Novice: 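Attaching a single structure in structure tokens format; questions to follow.
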Amino acid sequence: MLKDDILRELLENKTNPVSGQYLADKYNVSRNAVWKAINSLKDKGYKILSKQNAGYILGDDNDIISSESIKHFLSAGNKTIPIEVYDVIDSTNNEAKRQIISENIDRKLIVAEQQTSGRGRLGKNFYSPSNTGIYMSLIYKVPGGVKEPMLITMAAAVAVVRAIESFSDIKPGIKWVNDIFIGDKKICGILTEAVTDLETGMAENVVVGIGINYSTQGFPEELKAIAGSLFIEGVSRDQFIAAVIDNLIALYREFKAESFMPEYISHNNVIGKKVRFDAPSGKTEGEVLDINPNGSIKVRDIDGTIYDIFTGEILFRE
């Protein structure tokens with residue numbers, strides 16, 4: 001679409017005004033068509049400045065999610081990944097799974113400005129208000145099938161941590177297995193789902209859902225004590241999305257636990273913590289001793305019994 005082409009031109013020339021005549025000539029359209037496309041972008045919320053006798057230029061305070069903008073920030077090798085952006089959707093993971101059922105997808109990114117039924121692990125909801133968060137799902141086909149889904153989630157957590165640290169001095173923590181914290185506030189959750197082919201019985205497609213409170217404020221009462229926001233000055237959501245995806249695909253392309261587990265473990269915020277957890281005998285309390293190289297955690301309960309926990313959830317306790 002013309003407006004997408006023009007947005008790409010403005011992104012690629014952020015400090016240099018782009019003339020309407022140049023755009024009309026390049027895309028073989030009328031100046032009026034260019035003007036309509038510019039107004040369409042403005043209607044979507046983009047701040048576009050007009051400089052007399054010079055052309056159009058993007059303002060500095062644009063933070064609207066778009067496929068063209070995400071592609072602009074992606075590394076060269078990832079710019080061909082199909083990207084779909086929705087204003088409102090039930091859940092990006094739900095949409096990803098719907099698309100996997102209907103078509104053969106190698107990789108694809110689905111992003112939304114708002115989710116009406118955002119989901120977390122273990123059936124929990126993920127608060128997903130409009131225009132402030134990052135809600136995205138990456139469809140990724142795993143050659144040979146998904147063998148270690150927990151490690152896929154852990155690699156995604158490392159990708160988010162790397163993106164945060166590449167733009168800031170923030171030192172995030174990872175709560176086993178899928179939450180990113182800044183201080184004592186959760187700012188990101190990850191939901192990984194494998195999709196099984198009914199004919200082959202093999203789970204080749206994985207959907208990695210990542211929800212980030214980027215500049216979210218005004219959390220519901222039940223979340224105020226535990227939820228926080230990331231917000232990095234001067235970094236748009238599209239720029240941050242691209243950084244996460246670049247890191248994630250690099251990790252999945254190699255996908256060796258030893259390439260990211262040391263980083264995962266070093267950022268953990270659970271070792272030494274008192275927790276509630278699900279033991280084979282039922283819910284109990286104890287202390288986290290370590291994170292094992294295979295991604296499980298080593299926990300000692302109040303009776304001194306040591307367990308390696310592979311699934312479920314741990315809850316911090318005082």
Side-chain angles (χ1 to χ4, degrees), residues 63-65 70 73 91-93 109-138 152-192 207-248 251 260 263-271 273 275 288 291 313-316:
D63 189 21
I64 298 164
I65 293 176
I70 294 169
F73 291 112
S91 156
T92 57
N93 265 35
L109 179 62
I110 296 171
V111 189
E113 281 279 11
Q114 179 182 1
Q115 295 182 123
T116 58
S117 301
R119 296 188 294 115
R121 287 181 73 241
L122 306 176
K124 294 183 178 180
N125 295 326
F126 189 89
Y127 181 58
S128 311
S130 62
N131 303 320
T132 62
I134 291 172
Y135 320 116
M136 62 180 174
S137 296
L138 177 69
I152 289 174
T153 301
M154 291 176 160
V158 170
V160 174
V161 164
R162 287 182 179 179
I164 292 172
E165 294 183 342
S166 71
F167 291 121
S168 72
D169 295 327
I170 297 169
K171 298 300 178 187
I174 302 175
K175 176 178 174 285
W176 187 87
V177 61
N178 67 320
D179 294 335
I180 311 297
F181 275 63
I182 294 177
D184 61 354
K185 298 292 182 70
K186 175 181 170 178
I187 59 100
C188 170
I190 299 166
L191 175 63
T192 301
V207 175
V208 184
I210 300 174
I212 302 171
N213 303 326
Y214 198 72
S215 59
T216 311
Q217 303 293 326
F219 291 99
E221 197 63 37
E222 66 271 19
L223 296 178
K224 285 182 179 179
I226 58 175
S229 291
L230 171 60
F231 189 67
I232 301 172
E233 186 73 38
V235 179
S236 70
R237 288 179 295 161
D238 285 341
Q239 193 173 358
F240 193 82
I241 289 168
V244 171
I245 295 303
D246 278 340
N247 279 296
L248 191 54
L251 286 167
F260 61 83
E263 203 169 343
Y264 182 93
I265 293 170
S266 72
H267 283 85
N268 89 89
N269 64 355
V270 300
I271 293 176
K273 294 290 181 65
V275 297
V288 179
I291 300 177
E313 182 183 31
I314 58 173
L315 299 173
F316 292 136

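Quick caveat, the model's predicted, so the values are computed rather than measured.
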Novice: Taking all heavy atoms of Ser91 and all of Ser117, pick out the closest pair and write down the distance.
Specialist: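 What the structure gives for the nearest pair is CB-O, 3.6 Å.
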
Novice: In the structure I gave you, are the side-chain heavy atoms of Tyr264 and Thr153 within less than 4.5 Å of one another anywhere?
Specialist: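 Not in contact.
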
Novice: Does anything in residues 239-248 pair up under side-chain hydrogen bond (donor to acceptor under 3.5 Å, both in side chains), and if so which pairs, sequence neighbours excluded?
Specialist: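 Every pair satisfying side-chain hydrogen bond (donor to acceptor under 3.5 Å, both in side chains) with a residue in residues 239-248: Ser75-Asp246, Asn78-Asp246.
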
Novice: Looking only at non-hydrogen atoms, find the nearest pair between Ala156 and Leu248 and report the distance.
Specialist: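 That closest heavy-atom pairing would be CA-CD1, 3.5 Å.
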
Novice: For Gln114, which residues count as a side chain to side chain donor-acceptor pair (under 3.5 Å) partner, sequence neighbours excluded?
Specialist: none

Novice: To the nearest 0.5 Å, how far apart are CG in Asn269 and NZ in Lys175?
Specialist: 8.0 Å

Novice: Side-chain contact, heavy-atom cut-off 4.5 Å: Lys171 with His267?
Specialist: no

Novice: Over all heavy atoms of both residues, which pair between Val270 and Asn268 is shortest? Give the atoms and the distance, please.
Specialist: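 Nearest heavy atoms, Val270 then Asn268: N-OD1, 2.8 Å.
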
Novice: By salt bridge (Lys or Arg N to Asp or Glu O under 4.0 Å), which residues pair with Glu233, not counting sequence neighbours?
Specialist: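 Per chain and number, Glu233 pairs via salt bridge (Lys or Arg N to Asp or Glu O under 4.0 Å) with no residue.
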
Novice: Given side-chain contact (heavy atoms from CB on, under 4.5 Å), test Phe240 with Phe73 step by step and report yes or no.
Specialist: CA-CA 9 Å; Phe240 193 82; Phe73 291 112; over 6 Å; no

Novice: Assess whether side-chain contact (heavy atoms from CB on, under 4.5 Å) is satisfied between Asn178 and Leu191, documenting all intermediate values.
Specialist: CA-CA 7 Å; Asn178 67 320; Leu191 175 63; 5.8 Å; no

Novice: Supply the atom-to-atom distance Ile190 CD1 to Ile152 CD1, rounded to the nearest 0.5 angstrom.
Specialist: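 Interatomic distance, Ile190 CD1 to Ile152 CD1, rounded to 0.5 Å: 12.0 Å.
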
Novice: Check Ala112 against Ile65 and note the closest heavy-atom contact, atom names and distance.
Specialist: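 So the two residues come closest at O-CD1, 4.3 Å.
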
Novice: Given side chains that start at C-beta, do those of Ile164 and Ile187 come closer than 4.5 Å, heavy atoms only?
Specialist: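 Side-chain contact under 4.5 Å: yes.
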
Novice: Check whether Phe316 forms a cation-pi arrangement with Lys273 (NZ or CZ under 6.0 Å from the six-membered ring centre, at most 45° off the ring normal).
Specialist: yes

Novice: Asn93: what forms a side chain to side chain donor-acceptor pair (under 3.5 Å) with it, not counting sequence neighbours?
Specialist: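 Asn93: side chain to side chain donor-acceptor pair (under 3.5 Å) contacts with Ser137, Glu193.
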
Novice: About how many Å separate CG of Asp238 and CD1 of Ile64, when rounded to the nearest 0.5 Å?
Specialist: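 Between Ile64 CD1 and Asp238 CG, I get 9.0 Å after rounding to 0.5 Å.
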
Novice: State, with a plain yes or no, whether a side-chain heavy atom of Val244 is found less than 4.5 Å away from one of Met136.
Specialist: yes

Novice: Looking only at heavy atoms, what is the nearest atom pair of Val177 and Met154, with distance?
Specialist: CG2-CE, 3.7 Å

Novice: Show the nearest heavy-atom pair for residues Ala227 and Lys185, with the distance to one decimal.
Specialist: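 Between these two residues, the closest heavy atoms are O-CD, 3.7 Å.
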
Novice: May I ask you to decide if the ring planes of Phe219 and Tyr127 are parallel, tilted or perpendicular, using 30° and 60° as cut-offs?
Specialist: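 Tilted.
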
Novice: Taking the six-membered ring for Trp, are Tyr214 and Phe231 parallel (under 30°), tilted (30 to 60°) or perpendicular (over 60°)?
Specialist: perpendicular

Novice: For Lys186, what residues pass the salt bridge (Lys or Arg N to Asp or Glu O under 4.0 Å) criterion, not counting sequence neighbours?
Specialist: Asp179

Novice: Is there side-chain contact between Arg162 and Leu251, with heavy atoms separated by less than 4.5 Å?
Specialist: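 Yes, their side chains come closer than 4.5 Å.
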
Novice: Can you tell if the side chain of Ile212 reaches within under 4.5 Å of the side chain of Ile241, non-hydrogen atoms only?
Specialist: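 Answer no - side chains too far apart.
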
Novice: Please tell me if the side chains of Asn213 and Phe126 come closer than 4.5 Å, counting only heavy atoms from C-beta onward.
Specialist: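 Yes - at least one pair of side-chain heavy atoms lies under 4.5 Å apart.
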
Novice: Can you sort out the partners of Thr132 under side chain to side chain donor-acceptor pair (under 3.5 Å), two or more places apart, ordered by chain and number?
Specialist: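 Once residues adjacent in sequence are excluded, the partners of Thr132 under the side chain to side chain donor-acceptor pair (under 3.5 Å) criterion are Thr216.
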
Novice: Counting N and O atoms only, with roles assigned by atom type, does the side chain of Tyr135 sit under 3.5 Å from a partner on the main chain of Ser130, one being a donor and the other an acceptor?
Specialist: no

Novice: Determine whether Ile170 and Ile182 satisfy the following criterion, side-chain contact (heavy atoms from CB on, under 4.5 Å), listing intermediate values before the conclusion.
Specialist: CA-CA 8 Å; Ile170 297 169; Ile182 294 177; 3.8 Å; yes

Novice: I want to check something: taking the side chain as every heavy atom from C-beta on, are Val161 and Ile174 in contact at a cut-off of under 4.5 Å?
Specialist: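 Side-chain contact under 4.5 Å: yes.
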
